[in-house]
Amino acid sequence: MGRYDGRIVVVTGAARGIGFGTATRFAEEGASVAIIDLDESAAAEAAAKLPLVEGAKALGIGCDVSNGESAEAAITRTVAELGGIHVLVNNAGITRDNLLFKMTEDDWDLVMNVHLKGAFLMTKAAQKHFVEQKYGKILNLSSVSALGNRGQANYSAAKMGVQGFTRTLGIELGPFGINANAIAPGFIATEMTDATAARLKMDVEEFRRLNAEANPVRRVGFPEDIAAAAAFLCSDEASYITGQTLYVDGGAKLG
Ligand SMILES: NC(=O)c1ccc[n+]([C@@H]2O[C@H](COP(=O)([O-])OP(=O)(O)OC[C@H]3O[C@@H](n4cnc5c(N)ncnc54)[C@H](O)[C@@H]3O)[C@@H](O)[C@H]2O)c1
């Protein structure tokens, strides 16, 4: 028996990277999973690759989490086609890095809209189902960059905002049987960090090697590292944990 047998999980930004790794883990543990991403065919393709257990279903939905109608429609469709919703993982994200003096208003707005407004809109759409059934798990993706990172004024502000949002969800939704937590990953090898390497004009492998060397546990992280923590935090074993941010970073920010 899997921890997520009979559970329905929504993961945003799950066509690839950490989102797909997390969706895969929930599927392995028995869940039916809705993969949400900007492009519906990419979402459907990823959904078709999930290692579902017998009886579980997968669904790919095209949705822009920063758009209220789109977010609402994605949750409505999940409930209609998969039969409900028990877990929401707000993972969709983008970067528009630049030093403050070069950062544009668009760079700021885009990052705020996807990470912060997106998490707000998706959570608002899901919470009515959660409150009604007196059960729900919300997991938000923050980042070690929340603590400050050169070239990421927009992203670090959004990711620290996610932590404040998570704490408030913990307070407001706890009485309704809903837990809300966040994971703050360190360096995870995905297309997002590969794009950072490209921006710094570095080879991807060299960039990963340097990051591994500087990390206390001497390796970079992988989507599976985040998925394992996500599967714990959204489980009933973690029902006395809420409003927390767990740093999953190999100790990168310890000192
Ligand atoms: N990779 C890392 O090192 C790292 C570290 C800390 C935090 N994070 C966070 O983890 C999450 C996943 O990162 P990743 O590395 O897997 O990134 P990624 O770029 O590989 O994947 C992000 C996914 O989100 C989707 N997306 C972007 N905007 C969207 C929108 N408006 N609506 C729906 N989907 C959208 C993209 O299409 C993509 O599939 C992000 O929130 C990111 O900020 C990543």
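Side chains are part of it too, since the values below use all heavy atoms of this structure and drop only hydrogens, waters and symmetry mates. For clarity, every value in this text was computed on a predicted model and none was experimentally measured. Whatever order the structure lists ligands and atoms in, that order sets their numbers, starting from 1.
- In this structure, the side chains of V33 and L59 stay at 4.5 Å or more apart for every pair of heavy atoms.
- Sorted by first and then second residue, the salt bridge (Lys or Arg N to Asp or Glu O under 4.0 Å) pairs involving residues 44-68 (not counting sequence neighbours) form an empty list.
- In this structure, F207 has its ring center closer than 6.0 angstrom to the ring center of F187.
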Which N/O atoms of ligand 1 sit under 3.5 Å from a protein N/O, and at what distances?
residue  : atom   : partner : partner atom : Å
ligand 1 : 1 (N)  : I188    : O            : 3.2
ligand 1 : 1 (N)  : T190    : OG1          : 3.3
ligand 1 : 3 (O)  : G186    : O            : 3.3
ligand 1 : 3 (O)  : I188    : N            : 2.8
ligand 1 : 3 (O)  : I188    : O            : 3.3
ligand 1 : 8 (N)  : Y155    : OH           : 3.4
ligand 1 : 15 (O) : T190    : OG1          : 2.5
ligand 1 : 16 (O) : I18     : N            : 2.8
ligand 1 : 19 (O) : R16     : NH2          : 2.8
ligand 1 : 20 (O) : R16     : NE           : 3.0
ligand 1 : 31 (N) : D64     : OD1          : 2.9
ligand 1 : 32 (N) : C63     : O            : 3.4
ligand 1 : 32 (N) : V65     : N            : 3.1
ligand 1 : 37 (O) : D37     : OD1          : 2.5
ligand 1 : 39 (O) : D37     : OD1          : 3.4
ligand 1 : 39 (O) : D37     : OD2          : 2.6
ligand 1 : 41 (O) : N91     : O            : 2.8
ligand 1 : 41 (O) : K159    : NZ           : 3.0
ligand 1 : 43 (O) : Y155    : OH           : 2.5
ligand 1 : 43 (O) : K159    : NZ           : 3.2

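- Applying the salt bridge (Lys or Arg N to Asp or Glu O under 4.0 Å) test to pairs two or more places apart or on separate chains, those with a residue in residues 85-113 are D97-R199.
- Side-chain contact check for N140 and T166: at least one donor-acceptor pair (N or O, by modelled atom type) lies under 3.5 Å.
- Judged as a salt bridge (Lys or Arg N to Asp or Glu O under 4.0 Å), the pairs with a partner in residues 126-146 (not counting sequence neighbours) are, in order, E72-K128, K137-D236.
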